[in-house]
Amino acid sequence: MTSTAESDLLAAVPDGLLIGGRWRPGAAGRTLSVEDPSTGDTLKTIADADPADGMAALDAAVAASAEWAATPARARGEILRRAFDLVQERREDVALLMTLEMGKPLAEARGEVTYGAEFLRWFSEEAVRVTGRYGPNPEGTGRMIVSQHPVGPCYLITPWNFPLAMATRKIAPALAAGCTVVVKPAAQTPLTTLYLARLLQDAGLPDGVVNVITTSTSGAVSEPIIADPRLRKLSFTGSTPVGRKLLEQSAPGVLRTSMELGGNAPFVIFDDADLDRAVEGALAAKFRNIGQACTAANRFIVHSSVAGEFARRVTAAVNGFVIGRGTEPGVTIGPLVDGNAVTKAEALVKDAVARGAELTTGGSRIDGPGTFFEPTVLTGVAPGSDILREEIFGPVLAIATFDTEDEAVALANDTEYGLVSYVYTESLARGQRMIDRLETGMMGLNVGVVSNAAAPFGGWKMSGLGREGGAEGIHEYLQTKYTLTPA
């Protein structure tokens, strides 16, 4: 049951689609219900867009495109900075809203506000740093001008697990670069994006620059938008199978694409690791966001000489976790996002145990309201286990062992994914070798959380294309023009 404060906050969230600066119902009058995963209760009923609504949102983005591209970079940056200030002013509301619709503990939601808002501030500063170059050509027959320009209207598809940060990480660089956008948040957690869009309006964002469509029929709504020749950029965060399908749909229009896809992060602990730091990093890398992060450590690859002690320590820590609704004091593990996530975690654990793994704690769904799964530790996970191949997206820590550095590298790289890796060693030389040898786009060396707005976020192999954040992030929304003038 929601409290008065929760009810008042939910009432302040727009329940319509944002198209051309106007909040409106869907053309067909459809609605979708957003549920609290800790109880199964409906939090709010909002508009459910159909394909006609999606095309109307694209129309609005196209109509606003030229004027926004011509808006001075300083003016664009100041709007983003005002939006950052507004998120900070209302940080408790934003955090509570994320906890309600996604389930993460309130303390973690506050951390996401800090992280997610930083993209607004970072790209408010990057907007004025887009530069080109000018100079003579080698032959001395002309002058070369290289300039950067907005790529054009963009379609941004965000996931459910970080409702604020995944929206700001895409919206902020697009706006800073001078692009207009249509944003489609996940149906499980759309309320934070709707609230953010209202804050962007309050910050002075012109009508049509950001348009938001919420829908329960993502494929049907997205396909005509992607097929429209006026769209020039697609950015998606989600699973690799869906990313592949979107890349196929983008090919006929030769769309610019950014794809932040699945992960299967190795967490490698060598025999010389500082075990206290390794345990601390492991708990953060695995159980932050209830394990529902693409950067979550998926495979713990631990030297056989320290595996037993590591397992003992993490099991003791996990047994101290407090499970419950994220709004309750002291809760450290909230619900998984839905019943399918619980079923998947349960199946992965059962498969590992059937292949010889040992449960040291947890391993089962929790009966009662909400979609809860026990935080779990598995030891002795055998090669070939599903849990070593598939992204868990749940609070399950699976430990396998190794004896040599080459074996550790082979195990870590034995996956089609390559988003992030974690390595714990006190050897500087070994750490440098791991930077060179591990096939991931990011790496945490003796740290368990790597994400930062100032850093380029993205992966290798099946984990995606392009980068979000950092100086690289804005260039995903820019295109280069070369002009030659006479000498």
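A quick note: this is a predicted structure, and the numbers were derived from the prediction, not measured.
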Spell out, as yes or no, whether a donor-acceptor pair under 3.5 Å connects the side chain of Asn298 to the backbone of Pro266.
-> no

Look at the side chain of Arg256 and the backbone N and O of Glu476, then say whether any donor-acceptor pair between them is shorter than 3.5 Å.
-> yes

Can you tell me how far OH of Tyr115 sits from CD of Glu108, rounded to the nearest 0.5 angstrom?
-> 14.0 Å

Leu419 to Gly263 - nearest heavy-atom pair and separation = CB-CA, 4.3 Å

Can you check side chain to side chain contact (heavy atoms under 4.5 Å, CB included) on Asp50 and Thr215, steps first, answer last?
-> CA-CA 7 Å; Asp50 66 8; Thr215 182; over 6 Å; no

Enter the distance from Leu246:CG to Glu248:CD here, rounded to the nearest 0.5 Å.
-> 9.0 Å

Any donor and acceptor pair, going by atom type alone, linking the side chain of Thr31 with main-chain N or O of Ile46 inside 3.5 Å?
-> no

Atom pair CG (Leu200) and CG (Leu18), whose distance is rounded to the nearest 0.5 Å = 9.0 Å

Apply the test salt bridge (charged side-chain N to carboxylate O under 4.0 Å, His left out) to residues Arg230 and Asp59: give CA-CA distance (whole Å), side-chain angles for both, the deciding distance (0.1 Å), then the verdict.
-> CA-CA 9 Å; Arg230 299 173 299 169; Asp59 290 343; 2.7 Å; yes

Is Thr158 reaching over with its side chain to a backbone N or O of Met166, donor-acceptor style, under 3.5 angstrom?
-> no

Classify the angle between the aromatic ring planes of Phe393 and Trp160 as parallel (below 30°), tilted (30 to 60°) or perpendicular (above 60°).
-> perpendicular

Short side-chain donor-acceptor distance under 3.5 Å, Thr114 and Arg91 = yes

Donor-acceptor contact present, side-chain Arg76 to main-chain Thr71, <3.5 Å | yes

Is there a donor-acceptor contact under 3.5 Å from the side chain of Asp53 to the main chain of Ala27?
-> yes

Would you tell me whether Ser258 and Lys233 have side-chain atoms, one donor and one acceptor, within less than 3.5 Å of each other?
-> yes

Under 3.5 Å, side chain of Glu112 to main-chain N/O of Leu164, donor-acceptor pair present?
-> yes

Are the charged groups of Lys44 and Glu101 less than 4.0 angstrom apart, N to O?
-> no

For the side chain of Asn161 and the backbone of Gln292, is there at least one donor-acceptor N/O pair under 3.5 Å apart?
-> yes

Drop me the distance from Phe236's CZ to Ser222's OG, to the nearest 0.5 angstrom.
-> 9.0 Å

Report yes if some heavy atom in the side chain of Arg244 is under 4.5 Å from a heavy atom in the side chain of Met462; otherwise report no.
-> yes

Ion pair present between Lys170 and Glu468, side-chain N to carboxylate O less than 4.0 angstrom?
-> yes

Short question: side chain of Thr332, backbone of Val322 - any donor-acceptor pair under 3.5 Å?
-> yes

Indicate the ring-plane relationship of Phe123 and Phe119, choosing parallel, tilted or perpendicular according to the 30° and 60° boundaries.
-> parallel

Going through the distances and angles, do Trp23 and Leu194 end up as a side chain to side chain contact (heavy atoms under 4.5 Å, CB included)?
-> CA-CA 10 Å; Trp23 295 96; Leu194 294 171; 3.7 Å; yes

Check the side chains of Thr415 and Arg299 for a donor-acceptor pair under 3.5 angstrom, ignoring hydrogens and angles.
-> no

Is the shortest distance from a Lys or Arg side-chain nitrogen in Glu118 or Arg121 to a carboxylate oxygen in the other one below 4.0 Å?
-> yes

Heavy atoms from other residues, nucleotides or ligands near CD of Glu223 exceed 12 (cutoff 6.0 Å) | no

Over all atoms of both residues, closest heavy-atom pair of Tyr477 and Pro173 | CE1-CG, 3.7 Å

Rounded to the nearest 0.5 Å, what's the gap from OH on Tyr482 to CZ on Arg133? Could you check?
-> 10.0 Å

Could you tell me whether Arg90 and Asp202 make a salt bridge, using a distance below 4.0 angstrom between a side-chain N and a carboxylate O?
-> yes

With rounding to the nearest 0.5 Å, note down the distance linking CZ in Arg82 to CD in Glu78.
-> 6.5 Å

Just by modelled atom types, is the Asn446 backbone N or O under 3.5 Å from a matching donor or acceptor in the Arg277 side chain?
-> yes

Can you tell me if CD on Glu125 sees more than 12 non-hydrogen neighbours from other groups inside 6.0 Å?
-> yes

Less than 4.5 Å apart, any side-chain heavy atom of Leu336 and any of Pro37?
-> no

Decide if atom NZ of Lys245 counts as having more than 12 heavy atoms of other residues, nucleotides or ligands within a radius under 6.0 Å.
-> no

Does Glu280 CD have over 12 foreign heavy atoms under 6.0 Å away?
-> no

Shortest non-hydrogen contact from Arg325 to Leu100?
-> NH2-CD2, 3.2 Å

